[in-house]
Amino acid sequence: MDRVLLRRRGDAVAVHEGDGTVTEVPADGLPALVRARAGVRWVWDDTTRWYPALLAAGVRVERCTDLRLCAAVLRRSPHAARGPAEDPGWAALEPVTAGDPALFDLADPADALDPVAEDRRQQAVLAASPQRARLGLLLAAESSGALAAAEMTHTGLPWRADVHDRLLTGLVGPRPAAGLRPPVLEALAGEVRVALGTPDLNPDSPAVLLRALQTAGLPVEDTRSWTLERFEHPVVAPLLEYKRLARLLAANGWSWLDTWARGGRFRPVYLPGGVVTGRWASSGGGALSVPVQVRPAAVADDGWCLVVADVAQLEPRVLAGMSADTALADAARSADLYAGMVDAGVVATRAEAKVGVLGALYGGTRGESGRMVPRLARRYPRAIGLVEEAARAGERGAVVSTLLGRGSPVPGAAWAERDADLGEAPEPGGRDSDRARRAWGRFTRNFVVQGTGAEWALCWLADLRNRLWRLGEERLGEERLEERPHLAFFLHDEVVVHTPAELAADVATEVRAAAATAGRLLFGTFPVDFPLDVAVVRSWADAG
DNA sequence: TTGCTTAGCGCC
DNA sequence: AAAGGGCGCTAAGCAA
């Protein structure tokens with residue numbers, strides 16, 4: 001397969017062929033060039049600096065190498081062999097978003113970097129890695145994720161502002177003028193003020209509210225919902241309702257609609273690799289925490305459907321695979337892993353299974369969770385052993401890694417930060433640093449599983465992206481991405497595909513096939529299943 | 001005015 | 001019911 005590197009040269013683009021030939025094309029000729037060379041792996045500094053313009057010109061890229069993301073993976077990976085030093089400019093390079101001044105800035109820091117040298121360096125590091133295949137897969141998956149992210153921002157998630165508006169109006173009354181509360185919230189605020197005897201209270205201020213609650217005789221130290229729920233007092237019911245609605249309005253109310261859901265699409269900005277574990281982050285619009293409450297507004301276009309798919313219990317399944325724990329994999333043969341554990345007689349109830357597994361993944365030590373973990377350890381020694389070892393490594397200050405080789409950060413400044421985060425007064429005898437070490441151990445324990453889960457999801461997404469493209473080619477013959485079945489949303493272990501209705505059943509098949517591919521890519525022939533819940537729906541809210 | 005932290009809560 | 005890991009976002013509140 002051809003690898004062709006693109007490098008910006010003022011208003012032109014230098015095209016570096018694999019054989020060393022370099023040609024130049026004007027920047028506005030790039031879409032035609034890329035379109036004409038299907039199958040090439042395009043190598044570039046940063047997908048966010050190249051791909052949006054290509055997509056806007058109607059050109060889809062099949063595969064790429066994103067040097068910025070790959071450099072970030074290699075920088076941390078314990079499987080990356082030492083090689084020539086990396087230009088620190090790569091670590092400082094920030095992704096850009098549409099409308100970002102950096103896009104049009106003549107002084108884009110990306111232009112000061114040498115992508116040819118960096119590509120050569122990365123190839124050498126990879127070639128020398130003792131885990132070349134896994135690390136190579138990770139780099140390919142990470143780069144493919146960058147393409148999928150740009151495409152999802154380009155196509156967006158279909159979003160019906162009228163449905164969203166009716167939903168808000170039904171809950172809080174008509175949209176008020178700027179700076180005012182809608183009627184239902186104003187009424188609830190009034191009830192709260194009466195119940196507390198504070199006519200001027202602003203319930204949006206936690207500090208003021210806390211003092212008012214204490215003055216009214218409630219022995220509370222904070223104003224969290226689950227704290228308030230414990231008390232029988234006339235203020236509790238209206239205050240909880242106020243907080244629930246005020247939260248919705250602040251996070252996903254009318255101003256969210258104005259800002260993020262224009263033109264019938266919600267276009268979040270995804271940040272692949274934005275979380276240390278390898279999960280994506282997002283920027284703007286709160287894409288990764290769209291409340292269930294507003295999901296009815298995500299409605300497919302006329303004649304189209306949403307295919308919503310999520311993996312049940314991704315992380316324990318990933319743990320079974322990466323630890324080659326056949327007993328846990330047996331439980332995972334069931335569509336409900338927790339039910340599988342009950343059937344195997346490991347625990348008595350599904351609730352015990354769940355709390356035990358979460359305790360093992362997160363490092364729970366107290367309560368029911370702490371009591372369950374030893375029982376799981378007897379039954380699943382390899383799986384529990386793997387996360388326990390990751391926790392011990394973290395406590396020692398060692399680096400841990402995911403299955404494909406993403407490395408955890410070294411506990412340096414972060415270690416001290418966590419100390420401060422705990423907010424505890426320093427104690428004599430080093431107990432404070434013990435606490436920090438255990439906290440870091442919980443982080444590394446979760447890192448290996450959350451990170452490998454993210455790798456599975458990336459492989460799933462990458463394979464599905466190609467399957468959907470081919471499906472559109474074969475069945476529709478449409479040229480443009482947005483006219484074919486396409487990824488519309490991605491959230492850790494869930495995808496939403498927007499598809500012409502007549503292809504929905506085929507899309508469901510491809511979604512499952514891609515999950516099977518991801519399992520094989522990560523775990524080979526080890527028998528661990530990744531069953532999906534797949535729903536073909538008009539609205540996102542109708543799934544699950 | 002801008003920029004930062006904190007409290008609180010939404011998602012996985 | 002909360003705990004244990006990872007995030008982003010908003011309003012409030014404060015500092016500069």
Side-chain angles (χ1 to χ4, degrees), chain A residues 179 181 202-210 220-230 239-240 242-253 255-256 259-260 268-271 273-295 310-316 318-319 351 354-373 387 390-391 394 400 402 406 408-409 414 417-418 420-421 423 438-454 456-457 489-495 540 544:
Chain A
R181 290 192 178 88
N202 172 15
D204 293 322
S205 166
V208 171
L209 179 60
L210 180 61
V220 292
E221 293 301 321
D222 58 65
T223 66
R224 295 185 180 98
S225 301
W226 56 83
T227 301
L228 299 171
E229 279 167 11
R230 295 200 298 259
L239 182 51
L240 289 177
Y242 179 90
K243 283 161 113 20
R244 190 178 71 85
L245 294 173
R247 162 74 196 183
L248 176 68
L249 215 55
N252 297 94
S255 59
W256 182 92
T259 310
W260 295 108
V269 175
Y270 299 92
L271 300 173
V275 179
V276 282
T277 59
R279 275 187 175 181
W280 292 9
S282 71
S283 164
L288 271 41
S289 56
V290 178
V292 175
Q293 268 178 307
V294 299
R295 293 186 188 184
D310 71 306
V311 205
Q313 305 123 7
L314 173 61
E315 289 176 357
V318 156
L319 176 58
K354 184 173 182 174
V355 94
V357 166
L358 292 181
L361 298 183
Y362 296 149
T365 52
R366 295 191 296 187
E368 190 177 355
S369 172
R371 285 196 297 279
M372 281 300 145
V373 174
V387 287
V400 298
T402 60
R406 195 186 301 267
S408 65
E417 273 169 35
R418 292 187 86 79
D421 279 351
R438 284 194 297 273
W440 194 257
R442 286 195 295 275
F443 165 65
T444 52
R445 167 197 295 269
N446 186 251
F447 179 94
V448 296
V449 181
Q450 185 184 121
T452 307
W456 182 93
F489 195 74
F490 171 63
L491 182 61
H492 305 319
D493 61 359
E494 177 175 2
V495 296
W540 190 9

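As the structure is a computational prediction, the values presented were derived from the model and not from experiment. In the text below, chain A, chain B and the rest are named by the order of the sequence lines, each starting its count at 1.
In this structure, the side chains of A/V290 and A/W540 come closer than 4.5 Å at one or more pairs of heavy atoms.
Looking at heavy-atom distances under 4.0 Å, A/G453 makes no contact with the nucleic acid at all. In this structure, A/D222 reaches the sugar-phosphate backbone alone: every heavy-atom distance under 4.0 Å involves primed, P, OP1 or OP2 atoms, never a base.
Side-chain atoms of A/V276 lie closest to C/dC7 of the nucleotides C/dA11, C/dC7, C/dA12. Proximity note for A/A250 (side chain, C-beta onward) versus C/dA11, C/dC7, B/dC9: the nearest is C/dA11.
Atom P of C/dA2 sits at a distance of 14 Å from the matching atom of B/dG8, rounded to the whole Å. Across the P atoms, B/dA7 and C/dA3 are found 15 Å apart, a figure rounded to whole Å.
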Between the protein and nucleotides 10-12 of chain B, are there any N/O to N/O pairs under 3.5 Å, and if so, what are the atom names and distances?
| residue | atom | partner | partner atom | Å |
| --- | --- | --- | --- | --- |
| B/dG10 | O4' | A/R247 | NE | 3.4 |
| B/dG10 | O4' | A/R247 | NH2 | 3.1 |
| B/dC11 | OP1 | A/V292 | N | 3.4 |
| B/dC11 | O3' | A/R295 | NH2 | 3.3 |
| B/dC12 | O3' | A/D493 | OD1 | 2.5 |
| B/dC12 | O3' | A/D493 | OD2 | 2.9 |
| B/dC12 | O2 | A/R279 | NH1 | 2.8 |
| B/dC12 | O2 | A/R279 | NH2 | 3.3 |

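Using five terminal pairs a side, the axes of the helix from B/dT1-C/dA16 to B/dC12-C/dG5 at its two ends make an angle of 0°, given in steps of 10 degrees.
Protein atom CZ of A/R406 is 16 Å distant from nucleotide atom P of C/dG6, rounded to whole Å. Summarising the geometry, the separation between CG on A/L228 and P on C/dA2 is reported as 11 Å, rounded to the nearest angstrom. A/M372 places its CE atom 19 Å from the P atom of C/dA3, with the value rounded to the nearest Å.
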Hey, mind stepping through A/R279 and A/E315 against salt bridge (Lys or Arg N to Asp or Glu O under 4.0 Å) and telling me if it holds?
-> CA-CA 13 Å; A/R279 275 187 175 181; A/E315 289 176 357; 3.4 Å; yes
